[in-house]
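Here the structure comes first, spelled out in structure tokens, and everything after it is commentary.
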2 protein chains.
Amino acid sequence: MKKETRHRATIIDVAKRAGVSKSTVARVLGGSPNISEEAAERVHAAVSATGYEPNHLAVGMRSGRSGLLGLVIPDIANPFWADVARGAQDQAAKEGMSLLVFSSDWDSAKEAAHLRALRQARVDGAIINPVADNLDGLDRFGMPFVLIGSSAESFPDTSSVGSDIAQGVRLGMDVLLAHGHAQPAFILGPKSKLARARFLRAINQHCIERDIDPASLHTEDSDYTVEGGKEAMSRLLERASKGRHLAVFCANDLMALGAILAVRDAGLRCPEDVSILGFDGIPSGAFSWPALTTIEKDGRKIGSTTVTCLFDEMAGRPEHGRVYIPCRLIERGSLANLLAGNTDRLAAGR
Amino acid sequence: MKKETRHRATIIDVAKRAGVSKSTVARVLGGSPNISEEAAERVHAAVSATGYEPNHLAVGMRSGRSGLLGLVIPDIANPFWADVARGAQDQAAKEGMSLLVFSSDWDSAKEAAHLRALRQARVDGAIINPVADNLDGLDRFGMPFVLIGSSAESFPDTSSVGSDIAQGVRLGMDVLLAHGHAQPAFILGPKSKLARARFLRAINQHCIERDIDPASLHTEDSDYTVEGGKEAMSRLLERASKGRHLAVFCANDLMALGAILAVRDAGLRCPEDVSILGFDGIPSGAFSWPALTTIEKDGRKIGSTTVTCLFDEMAGRPEHGRVYIPCRLIERGSLANLLAGNTDRLAAGR
DNA sequence: ATGAAAGCGCTAACAA
DNA sequence: TTGTTAGCGCTTTCAT
């Protein structure tokens with residue numbers, strides 16, 4: 001009777017069955033050049049007969065590379081990061097790597113724990129979108145990593161990938177202008193966030209190029225939620241001159257969706273009375289009424305690009321730069337065209 | 001000069017520094033009972049001095065447990081599975097395990113590849129939501145696993161976790177009835193899917209309990225998309241008697257959202273002219289107009305429960321049963337109350 | 001209470 | 001072209 005093995009087949013089992021040595025098996029499987037036809041055949045036969053699958057733990061241990069990549073994001077249930085995760089996972093799979101995914105739930109303590117788990121799992125590299133704008137201890141993280149998000153600005157010596165906010169804002173300003181909204185108001189994120197500064201900087205730069213005085217722009221601060229957008233819009237509506245069309249550029253879609261709600265609550269219509277432009281491209285924007293015109297961040301592309309960058313980093317050719325993924329305009333129904341033939345709307349706007 | 005080590009600290013480094021043997025370090029870290037105060041202290045000091053972190057690959061190799069769990073789902077960017085992933089990741093982290101996440105993108109070939117990756121990574125267990133309703137080769141998968149989704153019916157010998165569809169449907173039928181819609185129409189998924197049969201079975205059972213003839217119910221088949229829902233609703237609208245209130249129960253939120261669009265396109269109003277009830281609880285339902293009343297599946301709970309079940313499975317006490325997670329009703333604005341004081345609506349309904 | 005030593009499955013350097 | 005051997009870092013007997 002054969003050895004009663006409930007265990008998985010190892011390379012030794014294969015070797016025995018094929019009547020060769022471990023190394024020969026390893027060589028065949030690794031695609032070494034100098035192998036006899038016969039040996040290769042016998043090995044392959046033995047592999048399928050035993051159902052052998054290499055043990056990545058052992059491989060990793062010996063080679064020093066675990067074949068694992070780590071992804072740490074604030075919230076996997078947020079559609080943007082879910083997209084990032086999908087892009088990253090896809091690219092990782094293409095490179096033959098598996099992805100360890102951690103959602104820190106906006107909790108720095110959890111984040112730290114996840115980073116520790118990554119180190120202990122000996123991942124070959126990590127992709128991190130820190131919860132806070134700065135994450136100390138990252139400099140001695142001890143392995144290659146790439147950053148996502150605005151936090152990257154705090155780590156100039158690290159590669160990072162993110163949306164091209166400046167280009168996205170320009171896209172937004174242009175479509176606004178093309179619809180006759182030369183001086184939109186803005187609903188921005190909280191002052192404490194780096195992302196807000198980045199958005200604002202892009203607006204200012206665009207204004208300078210267009211010879212508009214940035215100081216003449218109305219801005220409201222809020223937090224990045226539906227409620228926040230609703231409140232900010234209400235404030236905007238109070239201050240706005242009656243009968244004049246109002247255009248609002250929101251720094252995120254959730255706030256834009258809240259803004260639409262506020263417009264409806266005020267007895268006004270979107271886009272007839274107020275135009276709203278979002279930023280993010282979350283799926284829900286497609287189902288609001290009106291459907292939200294917005295600037296879409298390409299989360300999936302960000303995810304895949306991050307993995308590519310990480311490979312550069314791992315290969316020891318660190319670019320130490322930021323890669324900007326362009327945003328895309330999604331035109332739906334929340335923008336009125338003040339320049340169209342419709343004289344009523346033109347009259348309302350002027 | 002000390003050894004110039006660019007490598008990570010190993011248990012030997014710690015042992016040397018603490019002036020003890022490997023085994024003592026392992027014992028201290030493993031929490032063995034018989035350890036001298038002094039040894040423990042020295043070890044802990046050495047650990048923090050060297051920044052030692054256990055190598056999970058080595059641990060896994062030795063102990064036979066990698067500390068890894070696998071999750072394979074059709075689409076991580078779908079909010080339901082993103083929620084599942086979050087719940088699973090959370091629970092896994094609590095148990096000190098890391099989660100390998102794979103999105104098969106509805107592609108059986110990718111799915112198979114991911115399953116192989118799991119085996120090679122020597123995960124301690126896997127959670128799988130198969131792309132197809134049946135996945136062959138799963139019986140000799142070679143490691144503990146738990147299933148998610150309707151496919152579980154094809155594997156009676158496997159533990160599985162899923163939403164309590166029957167209870168959810170009952171919830172929906174009850175709220176419909178409470179609003180005066182005794183005989184709603186249905187938009188169901190494609191005939192090829194097991195999920196459709198399960199939904200239909202629940203409806204029939206409910207009808208029998210309520211003494212309604214199931215044959216009297218209008219049903220439309222479609223696929224689980226916005227477009228599909230839109231088309232099915234158009235068909236329903238054509239057949240409906242004018243002036244009579246129509247209530248429709250959709251088997252998924254995407255279709256329900258499409259149905260709302262179709263109602264608007266037909267120049268009708270929701271909920272005044274037609275009531276729509278969804279099923280899933282996707283975030284977008286909160287932003288449609290009207291906001292969608294729906295039955296919410298608890299993806300997060302499903303994810304965490306799956307991990308718990310998996311642990312049972314791994315511990316060798318297989319329950320081999322299906323766990324049903326209850327659904328929850330989210331009342332928003334897509335249901336008209338035909339029984340309310342409003343006589344206009346009552347008149348419209350009768 | 002502690003140390004020595006074996007070995008998990010694999011790769012790579014060295015022999016043959 | 002192939003086989004032998006020495007570890008990778010850790011846990012776990014078995015001695016002491």
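To find a chain, count down the sequence lines: A is the first, B the second, and so on, and within it residues start at 1.
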B:Ser103 and A:Gln89: side chain donor to acceptor below 3.5 Å:
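Short answer, no.
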Does the side chain of A:Thr305 come under 3.5 Å of the side chain of A:Thr308 through a donor N or O and an acceptor N or O?
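No, A:Thr308 and A:Thr305 have no side-chain donor paired with an acceptor closer than 3.5 Å.
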Are the side chains of [Y] and [X] in contact, using a 4.5 Å heavy-atom criterion?
X	Y	value
B:Leu69	B:Phe311	yes
B:Leu29	B:Val47	yes
A:Arg86	B:Asp105	yes
A:Asp124	A:Met143	no
B:Met97	B:Arg65	yes
B:Cys309	B:Val323	yes

Just how far, in rounded Å, is [atom2] of [N] from [atom1] of [X]?
X	N	atom1	atom2	answer
A:Asn34	C:dA16	CG	C1'	15 Å
A:Leu29	C:dA12	CG	C1'	16 Å
A:Ile12	C:dT11	CD1	P	12 Å
A:Arg65	C:dC10	CZ	C1'	14 Å
A:His56	C:dC8	NE2	C1'	17 Å
B:Lys22	C:dA4	NZ	C1'	9 Å
B:Glu37	C:dA1	CD	P	11 Å

Could you tell me whether the side chain of [X] and the main chain of [Y] form a donor-acceptor pair under 3.5 Å?
X	Y	result
B:Glu111	B:Val131	yes
A:Ser104	A:Ile73	yes
B:Ser304	B:Gln91	no

Ion pair B:Asp90/A:Lys110, N-O distance below 4.0 Å
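Here B:Asp90 pairs with A:Lys110 in a salt bridge, since their nearest N and O are under 4.0 Å apart.
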Base, sugar-phosphate, or nothing: which does B:Asn55 touch, judged by heavy atoms less than 4.0 Å apart?
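Sugar-phosphate, no base atom in range.
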Contact class for A:Leu57 (heavy atom, under 4.0 Å): base, sugar-phosphate, or nothing?
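Nothing, no nucleic acid heavy atom in range.
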5'-most contact on DNA chain C: B:Glu38 or B:Ser63, nearest heavy atom basis?
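Between the two, 5'-proximity favours B:Glu38.
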If you assign each of A:Ala58 and B:Val20 to its closest nucleotide in DNA chain C, which residue comes earlier from the 5' end?
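Between the two, 5'-proximity favours B:Val20.
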Take the C1' atoms of the five end pairs on each side of the helix from C:dA1-D:dT16 to C:dA16-D:dT1, derive the two axes, and give their angle rounded to 10 degrees.
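Its terminal axes enclose an angle near 40°.
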5' to 3' on DNA chain D, which nucleotides open and close the contacts with chain B (atom under 4.0 Å from a heavy atom)?
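Contacts span D:dG9 to D:dT12, reading 5' to 3'.
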Proximal nucleotide (of C:dG3, C:dC10, C:dA6) relative to the A:Val59 side chain:
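Nearest nucleotide to the side chain: C:dC10.
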May I ask you to verify whether the side chain of B:Thr24 and the base of C:dA1 hold a donor-acceptor pair under 3.5 Å?
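Looking at the base of C:dA1, it does not pair with any donor or acceptor on the side chain of B:Thr24 (distance under 3.5 Å).
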Could one point to a donor on the side chain of A:Arg8 or the base of C:dG9 with an acceptor on the other under 3.5 Å away?
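Flag unset: no donor-acceptor pair detected.
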With the threshold set at under 4.0 Å for non-hydrogen atoms, list the residues of residues 46-53 of chain B touching DNA chain D in residue-number order.
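By residue number: B:Tyr52.
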